[in-house]
Amino acid sequence: MPTKKFSTDSGIEIKELYDSVAGPTPAEKPGEFPYTRGIQADMYRGKAWTMRQYAGFSTAEESNKRYHYLLSQGVMGLSVAFDLTTQIGYDSDHELAIGEVGKTGVAIDTLEDMELLFKGIKLEDVSTSMTINATGFILLSLYVALAKKQGSDLTKITGTIQNDILKEYAARGTYIYPPKPSMRIITDIFEWCSHELPKWNTISISGYHIREAGSTAVQEIAFTLSNGKAYVTAALKKGLDINVFGKRLSFFFNAHNNLFEEVAKFRAARRMWAKIMKDLGATDPKAMMLRFHTQTGGSTLTAQQPHNNIARVTTQTLAAVLGGTQSLHTNGYDEALSLPTEEAARIALRTQQIVAYESGVADTVDPLGGSWFVESLTNEVEAAAWQLIEKIDAMGGSVPAIESGFIQNEIARSAYEYQRQVESGEKIIVGVNKFQAEATGSIPIFRINDDIRLMQIERLTRYKNSRNRARVDQCLQTLSDKANSGENLIPSVIDAVENHCSLGEIADELRSVFGEYK
């Protein structure tokens, strides 16, 4: 009778027993190149990871209440979710906004909305992560304009803007402009922030959405690091200093349930990125460090027996921490049903706090380092990821690989295979295809008021009617001129939002210059 084979979610075969390491064991200490064991020598003994909760819904006022609640419960940094309308560059009064305003995140049309979103929160005192891509440059400009209104020192402002358009073409779909002008906007942000906003992370190169679309762990890091190479190459072509902008690059990864593969993935990604940056010319150690935020796996949450998700999120939290994350968001157990309720968000945060302060896993650096299994798996994940990166390099990099559909097809194949395994019962999902139970009781659902769009339109109309229209038109014309001339766009966008141009007006002005990606 054949012996049953065990493998990771990426298809890497797992041996019954490991009594040696397959491949090299890291010779370096934590904090030393290539950072397999972590980017800080003392890791969480010196400073805990930043505990974030991703939140944003309805109006700016409602989201502001949730932010104040989260800060009162011990959250160290805010992560802002924007609604789909904001993400694709339309104001709330646009016909395509019907049914979308405030639903998947907060609606932000103007500087007034941004002021309401952060009312009572001093931007110098918080680290803010904004999950926004195609319109990321506009949201960053609104944030900078608000910081200036608050009298903040821009050199002290910290946070991250996702700003990763390549994964939008490959996996998520909230793009506006074609790849070339989109890459130009991203390098404009790198350049401007290096001078004016030196502590801001100018991009969060995201594997999270690639994984949510159905990729394996190996594909997640291979495609993400390839995208990172594309951004660095574009910045180098613009003449930017890799040792300056390289320090402000960050990554965003997913944490799934296969604990040891996830830990190996994080360790391999650090080592690979250090080598990539060194090969591209980086000499400053900080420009070679892979710093990353992690979010627990949204696609792993089940609507069936939703309380089981608390155990899944706990496992994923351990994977992220054992893998050396710098920042972490934990999902609410009810997110397969709705936006998280306040209770679910609190439990998610408490999960992080219990792991940090009660489990002991943060007391030593790289606690799984030296494990025959984990070191072998780290090497195997790395080797498989390099194979994919070499294929992408042979195509000319991420942009041609996306334009040809290679990356999308690879993700689709993996998503199909995963679903086939679930439906055949080869892969057990507790409460879904095994250990089912009759539903008992109901889970409270967080619902968004359908009148939100009307309220948002009313405020937007008042805002537009009270401004200097000639000044708005002048700002938009200047923006168009800069877009055509190739000059850095960011100063003009900041000037536009300070003179009451809306997000949709700015996005549309650039649509008229750059066109839209189809």
Side-chain angles (χ1 to χ4, degrees), residues 2-26 34-37 171 207-208 210-226 251 253-276 290 292 294 296-297 299-300 312 315-316 318-320 322-325 366-392 406-407 409-422 424-429:
T3 305
K4 180 183 176 183
K5 287 188 176 181
F6 290 79
S7 63
T8 69
D9 291 342
S10 297
I12 296 170
E13 189 173 343
I14 301 171
K15 296 193 295 186
E16 183 176 351
L17 177 68
Y18 288 78
D19 52 13
S20 63
V21 175
T25 302
Y35 313 108
T36 313
R37 306 199 64 196
Y208 184 85
I210 290 170
R211 192 67 176 279
E212 290 292 285
S215 82
T216 65
V218 165
Q219 290 171 332
E220 180 188 353
I221 60 168
F223 298 154
T224 305
L225 298 184
S226 284
F251 287 81
F253 290 121
N254 211 311
H256 271 222
N257 292 326
N258 193 313
L259 179 72
F260 294 109
E261 183 176 44
E262 294 300 295
V263 173
K265 176 189 78 178
F266 296 131
R267 297 172 91 247
R270 262 195 303 272
R271 187 157 72 200
M272 294 171 73
W273 185 246
K275 292 173 182 175
I276 287 168
L290 183 144
F292 67 96
T294 309
T296 56
S299 62
T300 70
R312 293 185 178 102
T315 301
Q316 295 161 9
L318 284 168
L322 291 167
T325 193
D366 189 28
L368 295 182
S371 154
W372 289 325
F373 178 37
V374 171
E375 296 296 356
S376 298
L377 197 51
T378 300
N379 293 334
E380 289 185 89
V381 167
E382 179 181 8
W386 279 128
Q387 286 183 345
L388 274 174
I389 289 175
E390 286 163 7
K391 285 184 182 179
I392 292 167
F406 171 75
I407 290 177
N409 289 337
E410 289 291 303
I411 294 170
R413 269 195 289 270
S414 295
Y416 173 81
E417 176 59 19
Y418 176 86
Q419 191 60 32
R420 185 197 65 75
Q421 290 177 1
V422 171
S424 70
E426 292 172 56
K427 187 167 194 63
I428 294 171
I429 307 296

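Since this is a predicted model, take the numbers as computed values, not measurements.
With respect to Thr300, the side chain to side chain donor-acceptor pair (under 3.5 Å) criterion is satisfied by exactly one of Arg211, Gln316, His256: Gln316.
A donor-acceptor pair shorter than 3.5 Å can be found between the side chains of Arg267 and Thr378. Looking at Trp386 and Glu390, their side chains never bring a donor and an acceptor atom within 3.5 Å of each other. A side-chain donor-acceptor contact under 3.5 Å links Asn379 and Arg271.
Counting heavy atoms from C-beta outward, Phe6 and Glu13 have side chains that stay 4.5 Å or more apart. Counting only heavy atoms from C-beta outward, the side chains of Glu426 and Arg420 approach each other to under 4.5 Å. Side-chain contact between Phe260 and Val263 is absent, with no heavy-atom pair separated by less than 4.5 Å. Between Thr216 and Gln219 there is a side-chain heavy-atom pair separated by less than 4.5 Å.
Among residues two or more places apart in sequence or in another chain, the ring pair (Phe, Tyr, Trp, His ring centres under 6.0 Å) test is passed with Phe223 by none. Every ring pair (Phe, Tyr, Trp, His ring centres under 6.0 Å) that Phe266 has, sequence neighbours left out, goes to Phe292. Residues passing the side chain to side chain donor-acceptor pair (under 3.5 Å) test with Gln419 are Glu423, sequence neighbours excluded. Not counting sequence neighbours, Phe406 has no partner by the ring pair (Phe, Tyr, Trp, His ring centres under 6.0 Å) test. Annotation: side chain to side chain donor-acceptor pair (under 3.5 Å) contacts of Thr8 (sequence neighbours excluded): Glu261. Residues meeting the side chain to side chain contact (heavy atoms under 4.5 Å, CB included) test with Ser7, sequence neighbours left out: none.
No donor-acceptor pair under 3.5 Å is formed between the side chain of Glu262 and the backbone N or O of Ala319. For the pair Ser226 (side chain) and Ile389 (backbone), a donor-acceptor distance under 3.5 Å is absent. Between the side chain of Glu375 and the backbone N or O of Gly370 there is at least one donor-acceptor pair closer than 3.5 Å. The closest donor-acceptor contact from the side chain of Lys265 to the backbone of Asn254 lies under 3.5 Å.
When the shell of 6.0 Å around NZ of Lys391 is examined, it contains 12 or fewer heavy atoms from other residues, nucleotides or ligands.
For the pair Ser10 and Ala217, the tightest heavy-atom approach, listed with the atom from each and the gap, is OG-N, 3.2 Å. Looking at every heavy atom in both residues, Thr224 comes nearest to Ile210 through OG1-CD1, 3.8 Å. Here the closest non-hydrogen pair linking Ala274 and Pro34 is CB-O, 3.6 Å. Nearest heavy-atom pair, Ser376 versus Ala22, reported as atom, atom and distance to 0.1 Å: OG-N, 2.9 Å. The heavy-atom pair separating Leu368 from Val374 by the smallest distance is O-CB, 3.9 Å.
Rounding to the nearest 0.5 angstrom, the gap separating the OG1 atom in Thr36 from the CD atom in Glu382 is 7.5 Å. Distance OH/Tyr18 to CG/Leu377: 6.5 Å, rounded to 0.5 Å. Interatomic distance, Leu259 CG to Thr315 OG1, rounded to the nearest 0.5 Å: 7.0 Å.
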Decide yes or no on side chain to side chain contact (heavy atoms under 4.5 Å, CB included) for Leu17 and Trp372, but give the supporting numbers first. CA-CA 9 Å; Leu17 177 68; Trp372 289 325; over 6 Å; no
What do the steps show when you test Ile14 against Phe373 for side chain to side chain contact (heavy atoms under 4.5 Å, CB included), and what is the final call? CA-CA 9 Å; Ile14 301 171; Phe373 178 37; 3.9 Å; yes
Evaluate Leu290 against Leu225 for side chain to side chain contact (heavy atoms under 4.5 Å, CB included), listing each step before the verdict. CA-CA 10 Å; Leu290 183 144; Leu225 298 184; 3.9 Å; yes
Run the numbers on Ser215 and Glu220 for side chain to side chain donor-acceptor pair (under 3.5 Å), then give the verdict. CA-CA 6 Å; Ser215 82; Glu220 180 188 353; 5.3 Å; no
Can you check side chain to side chain contact (heavy atoms under 4.5 Å, CB included) on Leu388 and Glu410, steps first, answer last? CA-CA 10 Å; Leu388 274 174; Glu410 289 291 303; 4.3 Å; yes
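Look at Glu16 and Lys4 and you find no salt bridge, because none of the NZ, NE, NH1 or NH2 atoms lies under 4.0 Å from a carboxylate O.
Separation of the Trp273 and Phe251 ring centroids falls under the 6.0 Å cut-off.
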